[in-house]
Amino acid sequence: MTGAAQQAATTTTRGTLLVVDGHSLAFRAFFALPAENFSTKDGRATNAVWGFATMLSQVLDSEKPDHLAVAFDMKGGTFRNQMLPQYKGTREAAPQELLDQLPVIQKMLADLGVTYIEKQGFEGDDIIATLATMGEQAGYDTLVLSGDRDAFQLITDRVTVLYPGHHFKDLKHMTPQAVEEKYHVSPSQYPDLAALRGETADNIPGVPGVGDGFAAKWINQFGGLESIIEHADEIKGKKGEALRESIDQVRLNRKVNALLRDVDLGVDVDDLTFGGAGIDVDAIDKLFTDLEFGVRTKSKVLKSFNGGARPAASRAAGADAAGKEDDDRALTLPALADDVHDAARLAAWLDALMPARSGKPSADTATASDTSADAEDTVLADRVRAAAVLDVTGCAKPGRARCDSIALSAEGHAAMFAVPTADDGAEDSGVKDNDAAHHGLQTILDRYAGRIIVHGYKEQLHMLAAAGLTLPEPLFDTKLAGYLIDPDFHAESVEQAAEHFLDIRQDDDEEPSQGQLDFDVDDDGADAAASQDAGKTDESRELTQLAMIRALADHLAPALDGNHQSKLLRSIELPVSRVLGGMERAGASVDMMRLTAMRDQFATDAREAQETAWRYAGSRINLQSPKQLQKVLFEDMGLKPTKKTKSGSYTTNASALQDLALRTVDDERANGFLTALLRHRETNKLKQIVQTLIDAVNPQDGRIHTTFEQTVAATGRLSSVDPNLQNIPNRNAEGREIRSAFVPGDGYESLLSCDYSQVELRIMADLSGDEALIEAFRSGADFHKYVASLVYGVPVEEITPDQRTHVKAMSYGLAYGLSTYGLAQQLKIRPGEAEKLKSQYFATFGKVHDYLESLVADARRDGYTETMFGRRRYFPGLKSTNRNIRDAAERGALNAPIQGSAADIMKIAMVRAGDALAKAGLASRIILQIHDELVVEVAHGEAEQVTQLVRDAMEHAVDLAVPLDVSTGLGSDWQLAAH
DNA sequence: GAACTTCCGTT
DNA sequence: GACGTACGGAAGTTCA
């Protein structure tokens with residue numbers, strides 16, 4: 001939540017000015033961080049400096065100001081002390097340890113190119129007030145970072161105070177509304193309120209017994225401090241008496257807390273830039289080294305202060321077309337109708353709002369079967385506008401799904417009802433009513449499916465299924481659509497999606513999910529505003545949810561149309577959601593006995609390896625602690641200056657350990673330790689994998705129900721979580737054994753595994769149009785041997801195993817942007833040889849080379865890559881001046897369209913296979929997808945037919961210049977089904 | 001306790 | 001000076 005963004009909506013601005021109360025921040029840092037943990041070896045405390053730097057970094061990151069100034073108090077009194085001798089008595093008593101750090105903070109700011117200001121005779125607060133006033137007048141949105149509430153008097157529509165809460169992180173954006181809400185007075189009246197109440201932090205007494213509440217009441221009653229004093233006699237009771245006795249004090253308070261706004265600072269707001277070229281990197285380097293700050297601190301701080309270069313986030317690509325004013329509209333909540341709490345009325349209600357369309361009657365369950373693709377392409381936005389929003393709440397976890405409530409909105413009206421907790425026991429008295437309601441709801445879902453918008457079809461499907469309902473394919477899914485528009489953005493909630501795509505933000509107080517209410521650290525007591533969220537009803541939350549989905553749909557549908565991605569949504573993503581839902585609900589059956597036996601075996605192996613390692617090491621170190629390993633290996637054993645490193649320390653990863661082992665063949669102890677360590681790593685990992693599987697088994701049905709994430713992988717692939725069933729070991733025999741625990745469940749006889757051979761290479765052959773590569777695939781020969789014979793110019797029969805391996809690695813490396821260095825490393829050959837292999841390869845397949853280059857070139861031109869089916873991925877990194885970032889982006893741009901096209905094809909195949917199995921009335925079902933492999937649980941007697949259908953579905957998912965080759969295997973467990 | 005790091009499993 | 005994509009997840013360590 002950036003206050004800047006909030007304000008940018010209404011008025012034009014010259015930018016954002018951040019004014020920081022230096023003392024306030026330093027104080028906070030000092031007292032928040034224990035000095036013991038933050039001091040140099042020679043005993044200087046650095047906690048305030050460190051905290052100041054990181055806290056300010058955080059604010060820069062979240063608020064992204066483009067101008068910055070820090071104000072400090074100066075030693076020696078101000079006019080305030082003369083008026084009020086005890087003024088800020090508590091602050092003057094700042095510990096020396098903190099005072100010593102202030103000059104260091106100032107030096108740091110100077111090195112970071114930040115203007116800091118202090119002026120004899122004035123407080124930081126006056127400087128801040130002056131700067132804020134100047135900023136506002138110069139047309140800046142101004143943010144004041146201060147823990148001093150006196151700053152609240154500065155707040156206007158264009159001046160926001162960032163006020164730290166309990167944790168510094170949750171800064172409150174104090175706007176006029178926020179002040180009003182919390183104190184019930186306007187910002188300009190706040191000093192009156194503070195004068196009455198006093199300020200214990202500053203050692204300023206107020207009217208005894210009077211807090212914010214009474215102060216506000218009086219101010220609102222009489223208009224302001226002066227008229228309160230005028231009418232002091234009218235105030236009855238103890239408080240009135242106290243007031244009358246404190247009038248002098250209060251007057252004085254008011255004089256003292258008024259901030260000066262016209263101090264002559266001798267600066268121009270426009271000059272208050274920071275960071276960038278103004279950073280003296282060497283000086284910072286020196287300073288941070290002296291303070292013994294880590295590299296992480298340094299890079300974080302430098303990055304934040306480097307500001308400026310912030311790529312305008314790849315906001316919805318269709319935004320240009322949509323027009324800006326549309327984006328900043330406020331959320332309009334639908335009105336909740338309260339007389340549609342049964343299915344019949346709901347049907348009538350919907351019918352009134354959304355009359356059945358002429359021409360196309362109810363049978364409009366429009367899915368992929370809609371062949372008028374082009375027509376649909378341009379028209380989706382219109383259809384979305386006329387559709388209803390459905391939102392089901394509950395739990396969507398497959399295997400544990402639950403349905404709590406169902407809400408619908410259409411044409412600005414909403415209806416919502418709670419689903420009675422399903423008595424999963426047998427019958428009960430209400431069955432008949434439930435049946436009727438159930439039937440009515442299903443009828444509505446069936447009838448309106450093609451005109452319904454949801455956020456997360458698959459999740460909605462699971463929840464409705466728990467209530468015995470089936471949701472046919474909806475018209476639109478804002479979660480999937482958002483993913484297609486910006487696949488690199490991960491929204492975890494509708495709120496986040498709305499914030500990202502629409503610049504719509506809910507009230508600041510209603511932070512999405514994170515239930516933690518943040519209480520301010522007010523010295524003086526309880527405020528009434530504590531239970532804001534508690535007051536929110538489920539209904540109002542749900543109305544907001546519906547409105548956000550509505551707004552998202554209205555924004556995303558035209559954006560998809562504009563990108564020509566509507567078909568991708570309607571004929572790939574939405575249908576595959578349904579298939580995935582089925583897979584998740586089905587789950588994978590496992591042999592528990594087998595799993596536990598394996599777990600125990602791996603545990604024994606790991607323990608043995610651990611004992612051995614401990615014996616060699618001479619101490620019982622934690623073998624899973626990289627830190628302890630580093631110590632043992634590189635210090636105690638004094639051995640081996642390891643070559644690999646990442647972020648400072650020496651790596652202890654497997655390949656490094658293997659290297660070390662090779663180089664220590666003469667050193668019995670080191671070698672023995674390394675070997676045992678590697679063995680422990682291996683077996684312990686396997687144990688852990690098996691244990692995770694055991695823990696994931698649903699006791700209800702003895703099956704593992706993973707969740708396939710459809711909107712996570714930026715390339716278009718699926719991912720699998722909770723547990724991840726896409727990374728079950730397969731590379732070596734020992735690990736692969738785990739697959740034998742995946743078995744057909746009751747009523748099924750075998751597992752079928754079907755996988756695409758070299759899909760990515762085939763896609764490259766098709767997209768590049770390289771005749772040689774196309775021919776290699778069409779020939780049907782051993783592909784890698786064939787290619788090797790072309791590359792090396794020798795007959796196929798003379799190709800050595802080494803040659804085949806090398807060419808194979810080269811082929812696969814292509815799509816990853818593999819460097820010759822990497823290739824050499826992988827094949828353990830000299831870089832020169834790798835270089836030669838690469839040039840020979842490209843000489844043989846020239847068009848492949850051209851194609852790969854064109855991918856990057858196009859991405860650089862367009863800003864994004866596209867798969868065969870129009871799935872996009874944006875690569876802002878291609879324009880980075882940072883080599884590493886740019887190189888990584890180039891590899892991504894190379895890989896994304898290829899990996900993504902493969903993902904598209906597999907998704908199409910899954911829909912085809914799922915439909916084919918259903919259409920044939922078979923009980924067999926797809927249960928897993930591992931990127932290029934499908935696992936099918938085959939029912940009795942269906943093996944042959946299922947194999948046929950799935951193979952066909954996969955082979956003919958798309959028509960390429962080369963055949964799609966699918967290999968299949970059948971077996972009584974997953975391992976045996978491998979081929 | 002959250003957030004980050006390191007390591008490692010898959011395609 | 002780094003050097004193959006895309007992920008999920010466990011365990012240790014550090015932060016606040």
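Every chain is numbered from 1 and lettered A, B, ... according to where its sequence line falls, protein lines coming before strand lines.
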Trainee: Are the ring of A:Y816 and the six-membered base ring of C:dT5 within the stacking cut-offs of under 5.5 Å and under 30°?
Mentor: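 No, A:Y816 does not stack on the base of C:dT5.
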Trainee: Do A:N684 and A:Q688 have side-chain atoms, one donor and one acceptor, less than 3.5 Å apart?
Mentor: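 Their side chains do not contain a donor-acceptor pair, so the 3.5 Å distance test is not met.
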Trainee: Has the side chain of A:Q726 got a donor or acceptor that lies under 3.5 Å from a partner of the other kind on the base of B:dT10?
Mentor: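 Check fails, no donor-acceptor contact within cut-off.
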Trainee: Each nucleotide in nucleotides 9-16 of chain C should get exactly one letter: B, S or -. Can you fill that in based on protein heavy atoms under 4.0 Å?
Mentor: BSSSSS-S
Trainee: With respect to the phosphate group of C:dT5, does any side-chain polar atom (N or O) of A:R717 fall under 4.0 Å of OP1 or OP2?
Mentor: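 The answer is no; no side-chain N or O of A:R717 sits under 4.0 Å from OP1 or OP2.
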Trainee: Would you give me the side-chain donor-acceptor pairs under 3.5 Å for residues 828-837 of chain A, sequence neighbours excluded?
Mentor:
none

Trainee: Between B:dT6 and A:S649, is there an OP1 or OP2 to side-chain N/O distance shorter than 4.0 Å?
Mentor: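 For B:dT6, OP1/OP2 do have a side-chain N/O of A:S649 under 4.0 Å.
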Trainee: Does A:A815 reach a base, just sugar-phosphate, or nothing at all? Heavy atoms under 4.0 Å.
Mentor: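 Contact class for A:A815: none.
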Trainee: Please determine if a side-chain N or O atom of A:T651 lies less than 4.0 Å away from the OP1 or OP2 oxygen of B:dT6.
Mentor: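 The answer is no; no side-chain N or O of A:T651 sits under 4.0 Å from OP1 or OP2.
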Trainee: Using the C1' atom in both, what is the distance from B:dC4 to C:dT5, to the nearest Å?
Mentor: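 To the nearest whole Å, 23 Å.
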Trainee: C:dT5, OP1 or OP2 - any side-chain N/O from A:T715 closer than 4.0 Å?
Mentor: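 No, outside the criterion.
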Trainee: Identify the residue among A:R599, A:R679, A:K685 that makes a salt bridge (charged side-chain N to carboxylate O under 4.0 Å, His left out) with A:D605.
Mentor: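 When salt bridge (charged side-chain N to carboxylate O under 4.0 Å, His left out) is applied between A:D605 and each of A:R599, A:R679, A:K685, only A:R679 qualifies.
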Trainee: Taking side-chain hydrogen bond (donor to acceptor under 3.5 Å, both in side chains) as the cut-off, I'd like each qualifying pair that reaches into residues 806-819 of chain A, sequence neighbours left out, listed once.
Mentor: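 The answer is A:S811-A:Y841.
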Trainee: Under a 3.5 Å distance rule, please check whether A:Q726 uses its side chain to pair with a backbone N or O of A:S720 as donor and acceptor.
Mentor: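 Such a contact is found between A:Q726 side chain and A:S720 backbone.
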Trainee: Please tell me if A:R681 has a side-chain N or O lying less than 4.0 Å from either OP1 or OP2 of B:dC7.
Mentor: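 So the side-chain polar atoms of A:R681 never come under 4.0 Å of the phosphate oxygens OP1 or OP2 of B:dC7.
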Trainee: Between the side chains of A:D965 and A:S757, is a donor N or O closer than 3.5 angstrom to an acceptor N or O?
Mentor: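 Side chains of A:D965 and A:S757: pair found under 3.5 Å.
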